[in-house]
Amino acid sequence: MQKVILIDDEPLARVLVAEYLAEFPEFEIVASCADGFEGAKAIAQFRPDLIFLDVQMPKINGFEMLEIINEQPAVIFTTAYDEFALKAFENNALDYLLKPFSEERFRQAIQKYQSKSLKNVTADVSEMVNKFPEEQSRIVIKDGGEITIIPVADVEFFEAYDDYVKVNYNGKNFLKKKTMNFYEKVLPKNQFIRVHRSFILNINHLAKIESFEKNSYIAILKSGKRLPISRNSYSDLKHALGL
C-alpha cells in the first residue's frame, strides 16, 4: 500500500484529488493538510511515498515546506500557476497538475509515478525565487521540532558553512541547505553586501569599520561580532554606505 498525503489550502481541491485517487486502491490517503506547517508535521509522522502539494499556500508555500522536511517523498504539484511559470520548476517535479485538471490528466500523473520514469522533486528551487517574492523577504527555519519564520531584514549576517549557510539571527545560528551565491542573488542589494567569500553582511547591523592590516578591514557589528572584509568587497561596502 502506497501512503499519500494531500497538502492544499483549498478543501475542494483536496476532495477532488481524493475522489480521483479512489480509482487506485493501491494508494491510501493517510493525511489531508490545509497548509505547509500541517504538511511538514504529517510527512514526519507518516513518512508517505507520495504527496500532492499546492505551491501557493498561507504561512509557508510548497517550496518552503520542501526545504524543512528531512525525508522527501515523491511530489506531484497541484497548482493554479500558469504553464509559463511552471516551466521554471518542471524539471524538478515528478509531475504537476494545473488547476482545474481533469481525471484523465490526474491518471497520467499517477501512471508517471508508478512507472518511476521521472525523478523526485528536489529541494533546490533557487530558480523559482523571482516567482515567489515572499522567499526574498523571509526565511523558513526548522530548529528541532519548531518551525520559525525569520524576516530577512532582521538577519545579522550569512556565513558559508560547508554545504550549508549559517543564518545568524537574534544571537543564534540556523543552518539552511542553500549556497552563498543563492543568497547573494536574492537578498536586497541595498541592504546585504557580500563582504567576503564566506560572509554576507546586513549593513543595518554594522557599527563601524576598522583597519586590520595593510589594505584590509574588519566590520564591527552592533552585536560586537567581527567579520573580515575582502579587498575586492571594500569598495562595494563603501558604496552601499554612501561613503
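In this text, all values refer to a predicted model and were calculated from it rather than measured experimentally.
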With rounding to the nearest 0.5 Å, note down the distance linking [atom1] in [X] to [atom2] in [Y].
{"X": "Asn61", "Y": "Leu66", "atom1": "CG", "atom2": "CG", "answer": "9.0 Å"}
{"X": "Leu16", "Y": "Tyr20", "atom1": "CG", "atom2": "OH", "answer": "4.0 Å"}
{"X": "Arg107", "Y": "Leu21", "atom1": "CZ", "atom2": "CG", "answer": "12.0 Å"}
{"X": "Thr78", "Y": "Asp54", "atom1": "OG1", "atom2": "CG", "answer": "5.0 Å"}
{"X": "Ile220", "Y": "His205", "atom1": "CD1", "atom2": "NE2", "answer": "15.5 Å"}
{"X": "Asn232", "Y": "His196", "atom1": "CG", "atom2": "NE2", "answer": "10.5 Å"}

Test salt bridge (charged side-chain N to carboxylate O under 4.0 Å, His left out) on Glu10 and Lys99 and set out the steps. CA-CA 11 Å; Glu10 299 178 26; Lys99 298 176 182 177; 3.6 Å; yes

Worked check of salt bridge (charged side-chain N to carboxylate O under 4.0 Å, His left out) between Asp8 and Arg14: CA-CA 6 Å; Asp8 196 312; Arg14 300 198 303 274; 5.6 Å; no

Taking the side chain as everything from C-beta on, heavy atoms only, tell me whether [X] gets closer than 4.5 Å to [Y].
{"X": "Phe158", "Y": "Leu187", "result": "yes"}
{"X": "Asn168", "Y": "Lys225", "result": "yes"}
{"X": "Glu28", "Y": "Gln2", "result": "no"}
{"X": "Leu206", "Y": "Lys222", "result": "no"}
{"X": "Met180", "Y": "Ser198", "result": "no"}
{"X": "Ile76", "Y": "Leu97", "result": "yes"}
{"X": "Asp35", "Y": "Asp9", "result": "no"}
{"X": "Ile203", "Y": "Phe157", "result": "no"}

Check the pair Ile200, Ile193 against side-chain contact (heavy atoms from CB on, under 4.5 Å), reporting the backbone distance first and the verdict last. CA-CA 5 Å; Ile200 297 175; Ile193 303 297; over 6 Å; no

List the atom pairs, donor and acceptor, that lie under 3.5 Å between side-chain atoms in residues 36-51 and the rest of the protein, sequence neighbours left out.
unit_1 : atom_1 : unit_2 : atom_2 : d
Glu38  : OE1    : Ala34  : N      : 3.0
Arg47  : NE     : Glu71  : OE1    : 3.3
Arg47  : NH2    : Glu71  : OE1    : 3.0
Arg47  : NH2    : Glu71  : OE2    : 3.4
Asp49  : OD2    : Lys3   : N      : 2.8

Charged N to carboxylate O below 4.0 Å: is that the case for [X] and [Y]?
{"X": "Glu67", "Y": "Lys142", "value": "no"}
{"X": "Arg105", "Y": "Glu103", "value": "no"}
{"X": "Arg138", "Y": "Glu64", "value": "yes"}

Taking only residues at least two apart or on different chains, which pairs with a member in residues 158-167 satisfy side-chain hydrogen bond (donor to acceptor under 3.5 Å, both in side chains)?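 Passing the test, one end in residues 158-167: no pairs.
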
Just by modelled atom types, is the [Y] backbone N or O under 3.5 Å from a matching donor or acceptor in the [X] side chain?
{"X": "Lys177", "Y": "Ile68", "answer": "no"}
{"X": "Lys189", "Y": "Glu184", "answer": "yes"}
{"X": "Ser233", "Y": "Ser230", "answer": "no"}

Determine whether Ile149 and Ile141 satisfy the following criterion, side-chain contact (heavy atoms from CB on, under 4.5 Å), listing intermediate values before the conclusion. CA-CA 6 Å; Ile149 297 178; Ile141 298 291; over 6 Å; no

Could you check whether the rings of Phe24 and Phe106 sit parallel, tilted or perpendicular, using 30° and 60° as the cut-offs?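 Aromatic pair Phe24/Phe106 classed tilted.
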
Look at the rings of Tyr113 and Phe27 and say which category their plane angle falls in: under 30° parallel, 30 to 60° tilted, over 60° perpendicular. tilted

Locate the shortest heavy-atom distance separating Ile5 from Cys33; write the atom from each residue and the value.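 Looking at all heavy atoms of both residues, the shortest contact is CG2-SG, 4.1 Å.
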
Kindly give the heavy-atom pair with the smallest separation between Leu6 and Val4, and that separation in Å.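 Scanning both residues, the minimum pair turns out to be CD2-CG1, 3.9 Å.
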
With ring centroids as reference points, do Tyr96 and Phe52 lie under 6.0 angstrom apart? no

[X] atom [atom1], over 12 foreign heavy atoms within 6.0 Å:
{"X": "Arg197", "atom1": "CZ", "value": "no"}
{"X": "Arg226", "atom1": "CZ", "value": "no"}
{"X": "Lys172", "atom1": "NZ", "value": "no"}

Tell me, with the steps shown, if Leu201 and Phe192 meet side-chain contact (heavy atoms from CB on, under 4.5 Å). CA-CA 5 Å; Leu201 169 66; Phe192 289 88; over 6 Å; no

Under 4.5 Å between side-chain heavy atoms, counting indirect links through other Ile/Leu/Val/Met/Phe/Trp/Tyr residues: same cluster for Val155 and Leu175 or not?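 Cluster IDs for Val155 and Leu175 differ.
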
Does Leu227 belong to the same Ile/Leu/Val/Met/Phe/Trp/Tyr cluster as Tyr234, with side-chain heavy atoms less than 4.5 Å apart forming each link?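 Same cluster.
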
With side-chain hydrogen bond (donor to acceptor under 3.5 Å, both in side chains) as the test, would you mind laying out the steps for Thr79 and Gln56 before giving the verdict? CA-CA 7 Å; Thr79 176; Gln56 191 169 37; over 6 Å; no

Just jot down the salt bridge (Lys or Arg N to Asp or Glu O under 4.0 Å) partners of Glu26, sequence neighbours excluded, or say none.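 Glu26 satisfies salt bridge (Lys or Arg N to Asp or Glu O under 4.0 Å) with no other residue.
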
Do we get Lys178 above Phe182's six-membered ring, with its NZ or CZ under 6.0 Å from the centre and within 45° of the axis? yes

Begin from the C-alpha positions of Ile139 and Tyr169 and carry the test side-chain contact (heavy atoms from CB on, under 4.5 Å) through to its verdict. CA-CA 11 Å; Ile139 299 174; Tyr169 164 77; over 6 Å; no

